[in-house]
2 protein chains.
Amino acid sequence: MSTLKPEATPPVNGTLPRQRRTYAIGELARMFEVTPRTIRFYEQEGLLAPERRGQTRIYHEKDRVRLKLTLRGKRLGFSLAEIREVIEMYDAMPDGNARQLKRLLEILADKRHNMERQLEDIRLMQRELDDVEARARDVLGRLDQDPPSH
Amino acid sequence: MSTLKPEATPPVNGTLPRQRRTYAIGELARMFEVTPRTIRFYEQEGLLAPERRGQTRIYHEKDRVRLKLTLRGKRLGFSLAEIREVIEMYDAMPDGNARQLKRLLEILADKRHNMERQLEDIRLMQRELDDVEARARDVLGRLDQDPPSH
DNA sequence: GACGACGTTGACGTTAACGTAAAGTGCTTG
DNA sequence: CAAGCACTTTACGTTAACGTCAACGTCGTC
């Protein structure tokens with residue numbers, strides 16, 4: 001990111017520039033501002049399945065994306081178990097039976113509903129914040145022009 | 001909500017219709033679909049401070065609003081400690097000093113920033129869901145017209 | 001070849017947010 | 001007045017999501 005290697009001319013082919021295909025656990029951890037412990041824990045919970053080179057874990061683009069999605073899900077209040085459920089069903093999709101797929105659609109509809117409510121919550125909360133901020137500024141202004149006798 | 005009491009003519013005065021000013025803990029719990037234990041816990045954590053009639057707690061409109069805001073905050077991923085901090089500062093606002101008020105504004109800005117990110121997260125997540133759903137429907141359709149030999 | 005940075009596997013600790021169970025109080029209703 | 005129901009406090013239990021620590025292996029490099 002801050003290393004100034006000229007990198008020659010960037011490959012202008014149609015596919016993604018596969019310049020840096022793998023990551024070590026520490027790299028990934030710094031990228032997303034989590035600890036390696038967290039990443040290992042997510043693997044233990046079935047959210048990641050990195051390659052192994054001997055003992056050490058090797059993360060590819062796919063794993064990085066999964067981690068990103070996982071963390072986004074977490075910020076939205078989903079539990080790791082919920083996230084795993086979706087990920088597992090997504091992976092099993094191609095040869096999943098109809099029942100499983102319909103179950104997946106149900107789950108997705110549920111998440112969607114959840115996020116609709118969150119959107120509404122955010123709008124309401126933003127109004128509250130606006131309100132509180134206005135009052136605070138009001139009081140502050142009054143303090144400025146009429147400082148407390150104390 | 002579904003009780004069909006005629007209620008006489010609703011009071012058409014300017015202020016709020018003060019028909020039902022207080023609530024018992026169980027009532028409030030049912031209203032918000034939480035347990036009484038949760039409500040007591042929130043009190044213990046300094047989020048509520050209901051009146052007492054002898055031993056038992058009496059909740060007023062103000063308490064109900066606080067509980068509503070608290071639960072909304074929780075759905076947005078705020079911790080009870082964070083919520084309490086804002087509530088406390090809000091209560092102490094009228095006679096808060098400038099430093100406290102500025103601190104409050106900082107906190108509010110922070111929450112706001114948080115929610116901007118959440119909005120973005122939700123938009124991204126909704127796209128993911130759209131994508132996953134489309135794939136699922138695709139596979140499902142294929143299953144319908146060409147059932148698996150199994 | 002010692003050192004430091006990074007990686008690994010257990011295993012136990014910690015925190016938030018309640019759940020649950022015990023034991024008692026107070027009203028009102030048959 | 002006994003039963004039942006809602007409320008109370010106290011206290012210990014539980015779960016999720018990691019943190020922390022020990023003990024060890026593996027590089028690169030000075």
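For Asp110(B), there are no side chain to side chain contact (heavy atoms under 4.5 Å, CB included) partners, not counting sequence neighbours. Residues satisfying the side chain to side chain contact (heavy atoms under 4.5 Å, CB included) criterion with Ala81(A), sequence neighbours excluded, are Ser79(A), Arg84(A). In this structure, the salt bridge (Lys or Arg N to Asp or Glu O under 4.0 Å) partners of Arg53(B), at least two apart in sequence or on a different chain, are Glu51(B). In terms of the side chain to side chain contact (heavy atoms under 4.5 Å, CB included) criterion, residue partners of Leu69(A) (sequence neighbours excluded) are, by chain and number, Val65(A), Arg72(A), Glu128(B). A search for salt bridge (Lys or Arg N to Asp or Glu O under 4.0 Å) contacts involving Arg52(B) returns Glu43(B), not counting sequence neighbours. Partners of Lys111(B) under the salt bridge (Lys or Arg N to Asp or Glu O under 4.0 Å) rule, at least two apart in sequence or in another chain, are Glu82(B). With sequence neighbours excluded, the residues satisfying side chain to side chain contact (heavy atoms under 4.5 Å, CB included) with Asp130(A) are Arg112(B).
Taking 4.0 Å as the cut-off between side-chain N and carboxylate O, Glu120(B) and Arg123(B) count as a salt-bridged pair. The pair Arg135(B)-Asp131(B) meets the salt-bridge criterion, with a side-chain N (NZ, NE, NH1 or NH2) lying under 4.0 Å from an Asp/Glu carboxylate O.
Taking every heavy atom of both residues into account, Thr22(B) and Glu27(B) meet most closely at O-OE1, 4.4 Å.
Within 6.0 Å of CD in Glu33(B) there are 12 or fewer heavy atoms belonging to other residues, nucleotides or ligands.
Distances shorter than 4.0 Å separate none of the side-chain N or O atoms of Thr35(B) from OP1 or OP2 on dC18(C). Not one side-chain nitrogen or oxygen of Arg37(B) sits closer than 4.0 Å to the OP1 or OP2 atom of dT20(C).
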Could you go through nucleotides 22-27 of chain C and list every protein N or O atom that sits under 3.5 Å from one of its N or O atoms, giving the distance for each pair?
none

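Here CE of Met31(A) is found 8.5 Å from CG of Leu67(A). Values are rounded to the nearest 0.5 Å.
Annotation: proximity of residues 38-54 of chain B to DNA chain D (heavy atom, distance under 4.0 Å) is found for Arg40(B), Arg52(B), numbered in ascending order. Applying a 4.0 Å cut-off to non-hydrogen atoms, the residues of residues 64-82 of chain A that approach DNA chain D are Lys74(A), Ser79(A), Leu80(A), listed by residue number.
Distance alone, capped at 3.5 Å, places no donor-acceptor pair between the Gln118(B) side chain and the Ile122(A) backbone.
No continuous path of hydrophobic side-chain contacts links Leu47(B) to Leu124(A) [ILVMFWY only; heavy atoms under 4.5 Å]. Tracing side-chain contacts under 4.5 Å through hydrophobic residues (I, L, V, M, F, W, Y), one reaches Ile87(A) starting from Met93(A); they form part of the same cluster.
Where DNA chain D meets chain A (any atom under 4.0 Å from a heavy atom), the bounding nucleotides read 5' to 3' are dA17(D) to dT20(D).
Rounded to 10°, the helix from dG1(C)-dC30(D) to dG30(C)-dC1(D) has 10° between the axis fitted to its first five pairs and the one fitted to its last five.
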